[in-house]
There are 2 protein chains.
Amino acid sequence: MIRFVRHLPLAESEKQAILNTPREIRRFQRGDTIYRPDEPGDVARILVEGLAVQYRILRNGERQSADLVFPTRFCDLGCILFGESDHFLAALTDAEIVEISTGRVLDLFARYPQIPILLLHQETRSRSILFERLLSVGRRPAIRRLAHLLTEFRLRRELAGVPPSRSKRILLQQRWIGDFLGLTTEHVSRTIGKLKAMGLIEQHRNGIVILDPAGLARIAEFDAGYLHSGAEAPPQPASAHRRQGGPASAEFGSAGTKRAENKGWNR
Amino acid sequence: MIRFVRHLPLAESEKQAILNTPREIRRFQRGDTIYRPDEPGDVARILVEGLAVQYRILRNGERQSADLVFPTRFCDLGCILFGESDHFLAALTDAEIVEISTGRVLDLFARYPQIPILLLHQETRSRSILFERLLSVGRRPAIRRLAHLLTEFRLRRELAGVPPSRSKRILLQQRWIGDFLGLTTEHVSRTIGKLKAMGLIEQHRNGIVILDPAGLARIAEFDAGYLHSGAEAPPQPASAHRRQGGPASAEFGSAGTKRAENKGWNR
DNA sequence: CGTGTGCTTGAGGGAGATCAACGTACGTGG
DNA sequence: CCACGTACGTTGATCTCCCTCAAGCACACG
């Protein structure tokens with residue numbers, strides 16, 4: 001928790017205020033459901049350790065995953081703002097969640113206006129990522145979808161500050177990959193096979209290793225612009241506000257490749 | 001613009017501040033592109049009149065629409081926060097946009113902290129709608145997707161306060177419907193045919209009329225909870241914060257139908 | 001060692017895409 | 001008022017990507 005707060009782009013007083021707020025730490029095991037939409041939504045939750053996934057289900061049990069949750073992120077803003085969450089959250093690894101009661105969070109909002117602005121950033125970026133996933137699921141063929149997801153995972157893990165030493169393996173069960181991409185596990189398996197055959201990835205025990213990041217990104221037609229990774233700092237009132245490229249945009253220049261070949265979009 | 005501000009859940013002083021902020025009104029015609037992601041993003045935009053659609057495109061020109069924009073909404077928060085928008089906005093009807101320079105918006109944020117909180121609400125609701133669209137595109141068959149979109153459109157138009165007198169017709173070209181649902185126009189046409197044959201909708205010149213809202217919602221397995229329509233007011237610090245059902249949840253009781261039949265989700 | 005859990009592989013089927021006409025409303029200019 | 005072009009929608013034939021169903025396999029764990 002302390003580590004989490006320290007990295008927020010907030011003033012010291014604000015960090016102290018958060019640290020002084022009564023909170024509870026809950027630990028979950030890989031596979032646990034962290035919360036469900038039918039539970040009372042009276043707490044705000046922050047993932048401080050581990051990896052989690054947000055999903056919704058259909059009446060027949062089919063599942064669609066929306067987003068990975070890396071530390072350190074407020075999951076479940078709906079809970080704070082509307083008193084109920086609209087999705088499930090499951091732990092993909094052992095995970096640690098900090099819970100703060102909704103009322104106290106709203107007090108923090110009122111006393112430290114930089115906090116809602118920080119959350120606004122987070123939510124806007126998250127919406128952009130969701131938009132890109134929708135684009136994938138709606139319009140990209142399976143192999144591009146998969147390549148895109150793997151590339152996104154790699155970059156976001158870097159951006160979230162996971163040490164690259166800590167195994168480059170992407171530990172995602174094929175069931176979850178399918179739920180992200182709107183595919184069946186069988187088809188995920190076959191599609192992984194294709195990427196393997198192309199020499200772009202490797203599979204060990206449980207986990208995918210990216211052998212050729214650039215090649216994968218090319219298949220995916222990946223453009224890192226949607227991650228908005230260059231603007232981690234809160235906005236500066238009245239000052240010229242330009243983003244400088246982070247590692248992501250350095251690798252896939254956003255201006256250059258973003259809308260090459262967009263003839264036809266206006267048909 | 002004045003009408004827009006009056007309806008915001010803000011204090012009088014805040015409304016005045018917005019009204020006193022220098023702004024520009026731009027008008028667009030049906031079919032115009034209002035903004036594109038490659039344009040300089042130095043203004044915040046609010047749709048005050050008309051109907052617009054957000055979309056992204058693939059290199060080959062395929063398009064995926066994410067969301068309808070009803071008045072009165074801040075489109076394009078990415079522009080304010082990150083200095084660039086991540087999508088296109090097109091006018092589905094003649095439309096009116098208010099533009100305020102990014103710097104002035106950030107000043108408003110700093111001086112009236114209720115404003116970013118309002119936007120946080122808007123953005124969170126918008127993300128929830130996007131999540132539901134992803135669920136549709138990823139997991140629902142075409143006929144449910146279409147029924148869901150039409151039902152969502154009907155409810156959101158009501159919630160946005162469009163007078164029901166003003167024609168119950170849903171004026172969406174099949175091309176746009178397809179782009180929302182990840183389908184081709186041909187398949188949209190066939191699917192509309194099925195709903196017509198079931199007596200759920202009717203087609204006039206250009207526009208769909210819903211004959212049987214409840215029947216359509218049943219096909220869609222529609223649950224209005226994701227619209228978060230009961231919580232238009234900003235959050236109340238420290239007070240118990242419960243949402244009361246709006247017209248939407250009155251029609252499709254969210255608690256009752258929400259997660260009936262969720263056995264199997266945990267397979 | 002059995003049992004479970006996740007992954008793989010194959011055969012067959014189907015929802016939706018693609019390709020190609022054709023129809024219909026509407027605007028524009030003759 | 002009619003000829004023509006354009007924009008949308010419809011309809012049909014064919015194809016294909018992905019799903020479904022069904023085994024079989026590999027590995028972890030009791």
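Worth saying up front: this structure is predicted, and the values here are computed from it rather than measured. Within every chain, numbering begins at 1; the chains are lettered A, B, ... in the order of the sequence lines, protein sequences first and strands thereafter. Quick note: numbers below take in every heavy atom, side chains included, and nothing from hydrogens, waters or symmetry partners.
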In whole angstroms, how far is the [atom2] atom of [N] from the [atom1] atom of [X]?
X: B:R175; N: D:dG9; atom1: CZ; atom2: P; result: 10 Å
X: A:K194; N: C:dT9; atom1: NZ; atom2: C1'; result: 14 Å
X: B:L171; N: D:dC8; atom1: CG; atom2: P; result: 13 Å
X: A:D179; N: C:dG6; atom1: CG; atom2: P; result: 12 Å
X: A:E62; N: D:dC18; atom1: CD; atom2: P; result: 16 Å
X: A:H204; N: D:dA28; atom1: NE2; atom2: P; result: 14 Å
X: B:R140; N: C:dA15; atom1: CZ; atom2: C1'; result: 17 Å
X: B:E202; N: D:dG9; atom1: CD; atom2: P; result: 17 Å

Counting side-chain heavy atoms from CB outward, which of [options] is closest to [X]?
X: A:K196; options: C:dG16, D:dT10, C:dT8; value: C:dT8
X: B:A142; options: C:dG16, C:dT8, C:dA17; value: C:dG16
X: A:Q203; options: D:dC8, C:dA17, C:dC7; value: C:dC7
X: A:H187; options: D:dG9, C:dG16, D:dC18; value: D:dC18

Between [X] and [Y], does at least one N-O distance fall below 4.0 Å, as a salt bridge requires?
X: A:D67; Y: A:R73; value: yes
X: A:E123; Y: B:R125; value: no
X: B:R190; Y: B:E186; value: no

Within-4.5 Å side-chain heavy-atom neighbours: B:E49 and B:R27: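 No, their side chains stay 4.5 Å or more apart.
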Validation row: B:R175, B:V188 side chains within 4.5 angstrom (heavy atoms): no
Touch class at under 4.0 angstrom, heavy-atom based, for A:I192 against every strand present: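 Touches nothing.
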Touch class at under 4.0 angstrom, heavy-atom based, for A:G178 against every strand present: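 It contacts nothing in the nucleic acid.
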Any donor-acceptor N/O pair, B:R156 side chain to B:L68 backbone, under 3.5 Å: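 Between the backbone of B:L68 and the side chain of B:R156 there is a qualifying donor-acceptor contact (under 3.5 Å).
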Expected output: side-chain A:R133 to main-chain A:A66 donor-acceptor under 3.5 Å: yes
Residue-phosphate contact under 4.0 Å: B:T184 side-chain N/O, C:dG16 OP1/OP2: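 Answer is no, no contact under 4.0 Å.
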B:Q174 side chain near D:dC8 phosphate (N/O to OP1/OP2, under 4.0 Å):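 So the side chain of B:Q174 is outside the cut-off, no N or O lying under 4.0 Å from OP1 or OP2 of D:dC8.
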Test applied, side-chain contact (heavy atoms from CB on, under 4.5 Å); reference residue, B:I177; option that passes from B:T191, B:T185, B:L172: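 Of the listed options, the one satisfying the test is B:L172.
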Verdict with supporting geometry, A:R144 and B:L58, side chain to side chain contact (heavy atoms under 4.5 Å, CB included): CA-CA 11 Å; A:R144 288 193 203 279; B:L58 249 29; over 6 Å; no
Below 3.5 Å between N/O atoms, which protein atoms pair up with nucleotides 21-25 of chain D? Just atom names and distances, please.
from	atom 1	to	atom 2	distance (Å)
D:dC21	N4	A:E186	OE2	3.3

Mutual orientation of the aromatic rings belonging to B:F88 and B:Y55 [parallel < 30°, tilted 30-60°, perpendicular > 60°]: parallel
Degree of bending, the helix from C:dC1-D:dG30 to C:dG30-D:dC1 (end axes from five pairs; round to 10°): 30°
